[in-house]
Amino acid sequence: MRSECYPITVLPGVSRLFREYLAHWDNPILAESFGGHPADTVWREKSPELTPEHRARLVSLLEAQNPDPSPAARRHLEMLRDGAGVVVSGQQVGILGGPLYTLFKAATAIRRAQEATEAGIPHVPIFWPATEDHDLDEVNQVLLLTKNSAETLRLKSLVHRNNAVGGVVLPEEITALVEQATELLAWAPITETLKRHYAPGKTLAKAFTGLLRDIFAAEGLLTIDAAERGYHELGSPVLLAAIEQAEELEAAVRARSQALVDAGYHAQVLLPEHGSLLFLFDEQTGERHALRHKDGAWKAGHVTYTTEELKTLLTAAPERFSPNALLRPVFQDQILPTSAYIGGPAEIAYFAQSGVLYDTILGRRTTVLPRMSATLVEPAIAKVMDQHELGLKEAFSSADDLALRLGARAMPIEGKKRLQAAGNALDRELDALLGWMQSVDGELAKSGKVSASKMRYQMNRLRRMAARFEQEKNASLRKHADAVTLNLFPQGHVQERAVAGTWFLARTGDDFPAEIVSHAGQECSGHKAIFL
């Protein structure tokens, strides 16, 4: 697979915070927000020390959740037992493995751990799925492509009940959904793996983590479901701090969020008035309720607690407490010897806010590194792009806009010259006229600018008419535009965020996981086009 590197700005909707995080930031607030710059390698030497008892318990828990490990995974468990650091990434559990960037996150964690180990500092990759999240609607869908359309598959019998999604049991309907996916994936070998993991009676967490481990078995990826009691016991000091130091921590988060906004960035998570950093699972229903507090009293759902009652409950049932998005990485790094976390744009924005929590609770900050960002281009699509001299930025548009662009390029040279000459002449004469009007009267010039903009609009309309005529005359142009946008920008979303990773596994074969790991290095800090 060959690749091309583009600046991250080729992607639509990239936030200023993420753009400047990838660059060598010159704003002090960004330098203060993260544990290091993404281009640095000092994170490899920052793995925190764990007590022998903590590390032994951690490995025991991981062994139970990673049954029948591949040789590489077994080696990583032993490395972790012997003192290795960890590179972590994570994502919501999803139907059939979720979107493509889930694989990119795992591949980046693997590649970073490999690089650190090769440099003589042992590290292992771990994937932390967000099994305690309660937004079922967000993960209960998967997008697969056909030759001419994008098909969204959903489990219609699953109903959102505010429970942790990882514990949701797959219904009988999953069998029909996997069969439908199998047809769309043309009965590729990966479909047998999907059938094995996404089966009735399995939880979403077990299906998702089992699939990921199978995909990256040769690379030894380990997975962790931190919803279990054992992990919550290891992470309970962070949960306790969120109770005992609630006002201090929440004030620090709000101050940091405001500082980001004042500096022209955005705050990814807004902490509501009287809101805390914790959720609490209802003992009877399993629903996940935000913990709120006011005047010394805490409330989750319809139940009220004192601070002492919450602390007693934390000791008795730590698994009932769940950190919010800002506290979760701190909770994670209380449990794991994390040197670096691999995140996407949203998670990196979380870290810009949660650094103050790291400082107060752990007394250290974990380095956050960007996940691989890429668009995968199949040979047929690459051929069309080469034919029309298209780059990725042009592909990230609607099919209508791209078809017009292709029509404009296909126009005879004489037509292009005449349109260009007319446009240039119009601009030249209007500029001269508006200059004269400005010298006569400011209000006259203001009215003239309005009329001039209408004339320029009509000139652009002539360009579009000519391009549309050429497009309609050559039907293949519209077909090419439809094919490019369907594959690279389906339904107006970048491919990595929309299309299931399993769709590409079905089309590329067994070497695909190792290939994307090889492309997940730091040599391109922006967005890649990878040609399959």
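Residue numbers run from 1 in the order of the sequence given.
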Backbone of [Y] reached by a side-chain donor or acceptor of [X] within 3.5 Å:
X: Q438; Y: A445; answer: no
X: E389; Y: M385; answer: no
X: S373; Y: H527; answer: no
X: N140; Y: R154; answer: no
X: T102; Y: G98; answer: no
X: S15; Y: F18; answer: yes
X: S451; Y: G448; answer: no
X: N162; Y: R288; answer: yes
X: T146; Y: S149; answer: yes
X: E138; Y: D135; answer: no

Those residues that, when tested against [X], pass ring-ring contact (aromatic ring centres under 6.0 Å, His included) (two or more places apart):
X: Y101; value: none
X: Y265; value: none
X: Y350; value: none
X: H289; value: none

- Message: Here's a test for you: under side chain to side chain contact (heavy atoms under 4.5 Å, CB included), which of L212, V165, L211, V168 qualifies with V93?
- Response: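 Among the candidates, only V165 passes.
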Side-chain heavy-atom pair D511, M1 within 4.5 angstrom cut-off: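 They are not in contact (no side-chain heavy atoms under 4.5 Å apart), so the answer is no.
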Any Lys/Arg nitrogen of D431 or K449 sitting under 4.0 Å from an Asp/Glu carboxylate oxygen of the other?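 Looking at K449 together with D431, the answer is no, because their closest N to O distance does not fall below 4.0 Å.
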Side chain to side chain donor-acceptor pair (under 3.5 Å) between E132 and S322, worked out:
CA-CA 7 Å; E132 294 184 10; S322 177; 2.5 Å; yes
In chain order, what residues pass the side-chain hydrogen bond (donor to acceptor under 3.5 Å, both in side chains) check against [X], with sequence neighbours excluded?
X: Y6; answer: E4
X: R478; answer: D400, D482
X: Q420; answer: none
X: N148; answer: none

If you look only at pairs with a residue in residues 372-392, which of them pass as a ring pair (Phe, Tyr, Trp, His ring centres under 6.0 Å), with sequence neighbours excluded?
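Sorted pair list: H388-H480.
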*What pairs of residues pass the ring pair (Phe, Tyr, Trp, His ring centres under 6.0 Å) test when at least one of them lies in residues 411-441, not counting sequence neighbours?*
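Those involving residues 411-441 do not exist here.
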Looking only at heavy atoms, what is the nearest atom pair of [X] and [Y], with distance?
X: A498; Y: P490; answer: CB-CG, 4.0 Å
X: L260; Y: I29; answer: N-CD1, 3.6 Å
X: F512; Y: L376; answer: CZ-CD1, 3.6 Å
X: G343; Y: I348; answer: O-CD1, 3.6 Å
X: L477; Y: G407; answer: CD1-CA, 3.9 Å
X: E173; Y: S157; answer: OE1-OG, 2.6 Å

Below 30° counts as parallel, above 60° as perpendicular, anything between as tilted: where do the rings of F396 and F489 land?
tilted
message: Suppose the criterion is salt bridge (Lys or Arg N to Asp or Glu O under 4.0 Å): which pairs have a residue in residues 96-114, not counting sequence neighbours?
response: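 Every salt bridge (Lys or Arg N to Asp or Glu O under 4.0 Å) pair that includes a residue of residues 96-114, provided the two are not neighbours, is K105-E347, R111-E115, R112-E115.
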Checklist entry - Is there a side-chain contact (heavy atoms from CB on, under 4.5 Å) between V356 and L249 once you walk through the steps? => result CA-CA 8 Å; V356 292; L249 294 173; over 6 Å; no
Go through the side-chain N and O atoms of [X] and [Y] and say whether any donor and acceptor fall under 3.5 Å apart.
X: D333; Y: Y358; answer: yes
X: Q353; Y: S257; answer: yes
X: Q258; Y: R254; answer: no

For F208 and Y198, I'd like to know if the aromatic rings sit close, meaning centre-to-centre distance below 6.0 Å. no
key: Aromatic ring proximity, centroids under 6.0 angstrom, Y21 and H37   =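 For H37 and Y21, the ring centres are not under 6.0 Å apart.
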Practice prompt. Please report the C-alpha distance between Q245 and T360 in whole Å, then the side-chain angles of each, then the deciding distance to 0.1 Å, and finally whether the side chain to side chain donor-acceptor pair (under 3.5 Å) criterion is met.
Written response: CA-CA 9 Å; Q245 301 170 255; T360 303; 5.9 Å; no
Check the pair L204 / T131 against side-chain contact (heavy atoms from CB on, under 4.5 Å), numbers first and verdict last. CA-CA 8 Å; L204 263 178; T131 55; over 6 Å; no
R2 charged N/C atom sitting above F531 aromatic ring, 6.0 Å / 45°:
yes
R371 to F104, cation-pi by 6.0 Å centre distance and 45° axis angle: no
Practice problem: Just do the salt bridge (Lys or Arg N to Asp or Glu O under 4.0 Å) check on E414 and K417 with the steps written out, would you? | Solution: CA-CA 5 Å; E414 181 182 359; K417 287 181 176 180; over 6 Å; no
TODO: Could you walk me through whether H293 and S276 pass the side chain to side chain donor-acceptor pair (under 3.5 Å) test, one step at a time?
DONE: CA-CA 7 Å; H293 64 94; S276 79; 5.6 Å; no
Name all residues meeting the salt bridge (Lys or Arg N to Asp or Glu O under 4.0 Å) criterion together with E179; count only those two or more places apart in sequence or in a different chain, and write none if there are none.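 In terms of salt bridge (Lys or Arg N to Asp or Glu O under 4.0 Å), with neighbours along the sequence ignored, E179 is linked to K195.
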